[in-house]
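What follows is a short report on a single structure.
We use all heavy atoms of the structure for the numbers below, so side chains are in, but hydrogens, waters and symmetry mates are not.
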Number of protein chains: 2
Amino acid sequence: MSPVKRLSTPPKQPPSKSTAAGRAPVTLRDIASVVGVSPSAVSMALADHPRIGRATKDAVRTAARELGYVANSAGRALRAGRATAVAVVVPNTAQHVFGHPYFMHLLVGVTSSANAHDSGLLVSTNPDQSHEVAAYDRILRSQTAAGAIIASAASNDANVSRMVDTGLPVVLVGRYPHLPQAVSVGVDDHAGAAAVTRHLVADHGLRRIGHISGPLEHQTALDRYEGFRAALAECAEPCAHTLAIGDFSEEAGRAGAAQLLDGMSDLQAIFAANDEMAYGALLELRSRGLRVPQDIALVGYDDFGVSRLTSPALTTVRVPAEQLGLHAADRLFDLIDGVAGEVTHTELPTELVVRESCGEHPAPTAAPTVTGTTAATG
Amino acid sequence: MSPVKRLSTPPKQPPSKSTAAGRAPVTLRDIASVVGVSPSAVSMALADHPRIGRATKDAVRTAARELGYVANSAGRALRAGRATAVAVVVPNTAQHVFGHPYFMHLLVGVTSSANAHDSGLLVSTNPDQSHEVAAYDRILRSQTAAGAIIASAASNDANVSRMVDTGLPVVLVGRYPHLPQAVSVGVDDHAGAAAVTRHLVADHGLRRIGHISGPLEHQTALDRYEGFRAALAECAEPCAHTLAIGDFSEEAGRAGAAQLLDGMSDLQAIFAANDEMAYGALLELRSRGLRVPQDIALVGYDDFGVSRLTSPALTTVRVPAEQLGLHAADRLFDLIDGVAGEVTHTELPTELVVRESCGEHPAPTAAPTVTGTTAATG
DNA sequence: CGCCCATGCTCAATCGTTAGAGCACTTCGA
DNA sequence: TCGAAGTGCTCTAACGATTGAGCATGGGCG
């Protein structure tokens with residue numbers, strides 16, 4: 001068509017360079033014929049096998065680099081009996097219950113670990129619950145992934161225990177008390193919720209507090225609720241508390257706030273189990289003409305980046321989702337490599353992030369309060 | 001060596017159940033020995049080959065279902081010469097420039113298409129730019145993915161054209177005017193920006209407007225800026241406009257707003273090139289005691305879910321990121337299947353979302369304004 | 001001089017799947 | 001009654017990487 005080609009790039013197809021960008025993938029055989037040895041020798045040289053001579057290894061590695069050799073993952077996986085990629089499984093139920101930001105942060109963490117391990121990352125969500133055989137089920141059984149990280153919602157999700165039972169390396173994100181043998185990584189929601197509750201009680205002297213929880217069949221929601229109650233119980237003076245059950249959505253936060261306000265007179269503070277419900281609560285408070293924090297204090301949980309955008313900026317508990325993903329992936333690679341380890345459940349610390357939604361904090365706290373233990377044996 | 005050959009099935013590892021949950025993966029051979037035919041026949045039966053009898057097909061399919069057979073993707077990929085999975089590539093530069101919500105929405109769309117095509121989804125981000133060979137480069141060259149969807153930031157990203165040149169099926173997300181031969185899917189940012197600008201000019205009668213753009217070497221930022229100017233140019237009365245260049249971050253929005261306010265007296269409106277910068281601008285306006293929308297109007301772009309949480313709720317332009325992902329994946333599967341198609345660039349419509357940040361809109365518009373063309377031939 | 005061993009490679013087989021060639025058997029038309 | 005065509009399957013050979021077995025060669029030692 002055009003009389004002049006790109007430049008420097010000669011006619012692509014035919015005699016071709018030996019560099020990289022060409023069409024046909026480079027195989028061991030290509031390297032073998034360049035170096036003048038057998039494909040087996042090339043394989044062994046690249047694996048640094050002791051029975052291959054120094055000179056041959058050098059020649060092979062040079063040729064591999066020049067040809068731009070990348071091992072065909074299918075061939076390798078077939079021979080090895082397992083793939084190199086790992087999968088992240090997000091059941092659709094989880095997608096709805098948690099928000100998108102959580103998974104994105106998680107993914108970023110998992111990705112960086114996968115990159116460090118030279119490993120691909122498969123992402124699978126369940127298309128619809130009517131499907132008897134879930135998408136991830138197929139992925140795992142087709143040996144596409146060497147292991148899986150599962151971020152599930154319901155603590156009694158049958159799919160989770162089924163997955164754990166397959167014997168495939170699996171790391172769960174979250175806390176699974178009824179699957180004590182499973183490897184899992186989570187945060188100490190109990191401690192985080194207790195910390196933010198204590199902030200309300202101890203730092204601000206509030207005594208009449210309502211909690212908007214998530215669905216209590218979800219471990220996360222339950223832990224946050226129980227952390228809330230535990231913190232109140234340890235309080236010297238009596239504290240009045242009340243509960244509204246939501247589903248982590250903004251709308252549920254709005255409804256929950258309405259329920260709390262109607263149910264308890266002179267409510268002084270609301271602790272929403274996640275930031276999104278806190279926003280909903282904020283809207284409800286505002287529509288009733290209540291000012292935050294002057295008339296009522298408000299705190300959330302998660303801190304996935306938007307909490308600082310509201311007015312007032314929301315005091316909340318930071319969940320280190322990215323670290324969570326990183327850790328989960330690291331644990332998974334350990335499992336895949338057969339590094340057992342005693343620890344089944346790892347807990348990452350949460351951090352209380354004080355902003356404006358409780359008012360000026362009278363007690364000048366030094367460092368940010370970090371809560372949470374690090375490990376538990378199973 | 002062994003006196004007896006394979007035959008039907010001598011005691012394998014476990015005498016055990018034949019259902020699914022066990023350890024060893026089910027292969028074609030397992031089905032073959034159950035049904036009493038050769039593995040080839042099983043393969044052909046499952047592929048509905050015409051030369052296989054009805055009875056055999058039924059028997060094979062029944063056995064496959066009962067054993068829970070799932071084809072080993074490595075074996076299949078090796079034989080076929082290409083994988084079934086597709087990759088989503090997110091260069092790290094893009095990750096920083098756009099926000100996380102954009103990619104999550106994109107991913108959701110891509111996932112649903114991949115699920116519909118019974119295909120895995122690989123996610124790859126570039127670990128660090130110092131790496132000469134990028135992670136996605138390896139993924140693609142190792143034949144792990146049959147094709148890739150690339151969401152890049154800079155319009156002149158060398159990696160993008162390199163990827164397109166490999167001959168591997170690739171779909172770009174965004175607009176790439178200098179790569180007209182590449183298949184791409186994007187939104188009509190020019191039209192979207194023009195629509196929201198017209199909203200300010202025509203519906204609200206504002207005449208002194210500032211724009212906070214993204215980095216102008218990014219096609220998206222450029223298109224939005226030019227749409228803004230085009231809308232002003234078509235206005236009958238003269239409109240004063242000014243520009244501050246940002247980087248799509250909240251902080252840049254704050255700085256940009258300050259620059260605009262200092263640079264033009266009696267500024268009536270600010271159009272930020274994305275919602276995050278609009279938040280930043282909002283903070284700056286508020287800190288100067290300017291009320292939105294009473295003293296100054298503010299609009300954003302993207303509408304990835306949080307725009308409605310601010311006060312006032314932000315008028316913005318909705319970018320259908322999920323549809324974008326869905327479409328991109330569909331186009332990619334077409335490419336992989338050899339379905340060529342004349343169209344190289346597909347544009348999805350954007351939608352003006354009117355909320356509170358411009359004040360009551362005097363002109364009672366009927367339906368939401370949808371802008372954008374659908375296709376262009378290359 | 002003969003043996004052993006270390007070194008450095010090649011050979012062949014294997015992973016699971018699939019396409020094409022080929023082989024038995026049946027049916028049909030001439 | 002015989003070939004031709006059709007039907008239904010089996011056999012074989014790949015795809016690319018890996019690995020244990022095996023085969024040369026050469027040096028050291030008795």
inquiry  = Test side chain to side chain contact (heavy atoms under 4.5 Å, CB included) on B:His117 and B:Asp330; report intermediate values, then the result.
reply    = CA-CA 9 Å; B:His117 286 82; B:Asp330 285 346; 3.7 Å; yes
key: DNA chain D-proximal residues of residues 40-47 of chain B, any heavy atom under 4.0 Å   = B:Ser40, B:Ala41
Euclidean distance, atom [atom1] of residue [X] to atom [atom2] of [N] [Å, nearest integer]:
X        : N      : atom1 : atom2 : answer
A:Asn72  : C:dT17 : CG    : P     : 16 Å
B:Leu67  : C:dG16 : CG    : C1'   : 16 Å
A:His49  : C:dC9  : NE2   : P     : 12 Å
B:Gln143 : C:dT17 : CD    : C1'   : 17 Å
A:Ile52  : C:dG8  : CD1   : P     : 9 Å

ask   = So B:Val86 and B:Ile336, side chain to side chain contact (heavy atoms under 4.5 Å, CB included) or not? Walk me through it.
value = CA-CA 10 Å; B:Val86 296; B:Ile336 292 171; 3.7 Å; yes
ask   = Side-chain contact, heavy-atom cut-off 4.5 Å: B:Val42 with B:Tyr69?
value = no
ask   = Looking at side-chain heavy atoms only, is the closest gap between A:Leu179 and A:Val160 below 4.5 Å?
value = yes
task = Check the side chains of B:Thr84 and B:Ser119 for a donor-acceptor pair under 3.5 angstrom, ignoring hydrogens and angles.
result = no
Check for a donor-acceptor pair, side chain of [X] on one end and backbone N or O of [Y] on the other, with a separation under 3.5 Å.
X        : Y        : result
A:Ser73  : B:Ser142 : yes
B:Thr56  : B:Ile52  : no
B:Asp337 : B:Val339 : no

Spatial distance of atom CD1 (B:Ile149) from atom CZ (B:Arg331) [nearest 0.5 Å] = 11.5 Å
task = For B:Arg76, answer base if it contacts any base atom (sugar-phosphate contacts may also be present), sugar-phosphate if it contacts only those atoms, and nothing otherwise; contact means non-hydrogen atoms under 4.0 Å.
result = sugar-phosphate
message = Any base atoms under 4.0 Å from A:Gly53, or only sugar-phosphate, or nothing? Heavy atoms, all strands.
response = sugar-phosphate
task = Evaluate the side chain to side chain contact (heavy atoms under 4.5 Å, CB included) criterion for residues B:His327 and B:Thr346: first the C-alpha distance (whole Å), next the side-chain angles of each, then the deciding distance (0.1 Å), finally the verdict.
result = CA-CA 9 Å; B:His327 251 80; B:Thr346 310; 4.2 Å; yes
inquiry  = Assuming nearest nucleotide by heavy-atom distance, tell me which of B:Ala55 and A:Val70 is located more 5' along DNA chain D.
reply    = B:Ala55
message = Let me spell it out: for each of A:Leu28 and A:Arg51, pick the nucleotide of DNA chain D with the closest heavy atom. Which residue's pick is nearer the 5' end?
response = A:Leu28
request  = Please work out the stems of DNA chain C from pairs that are Watson-Crick or G-U wobble with both distances under 3.5 Å, keeping only runs of three or more consecutive pairs.
outcome  = C:1-30 with D:1-30
remark   = Counted 5' to 3', the first and last nucleotides of DNA chain D within 4.0 Å (strictly under) of a heavy-atom of chain B are D:dT7 to D:dG16
ask   = Where do B:Leu326 and B:Ser112 land on the side chain to side chain contact (heavy atoms under 4.5 Å, CB included) test, with the steps shown first?
value = CA-CA 7 Å; B:Leu326 191 68; B:Ser112 78; 3.0 Å; yes
key: Side-chain donor/acceptor contact of B:Arg79 with base of C:dT18 under 3.5 Å   = yes
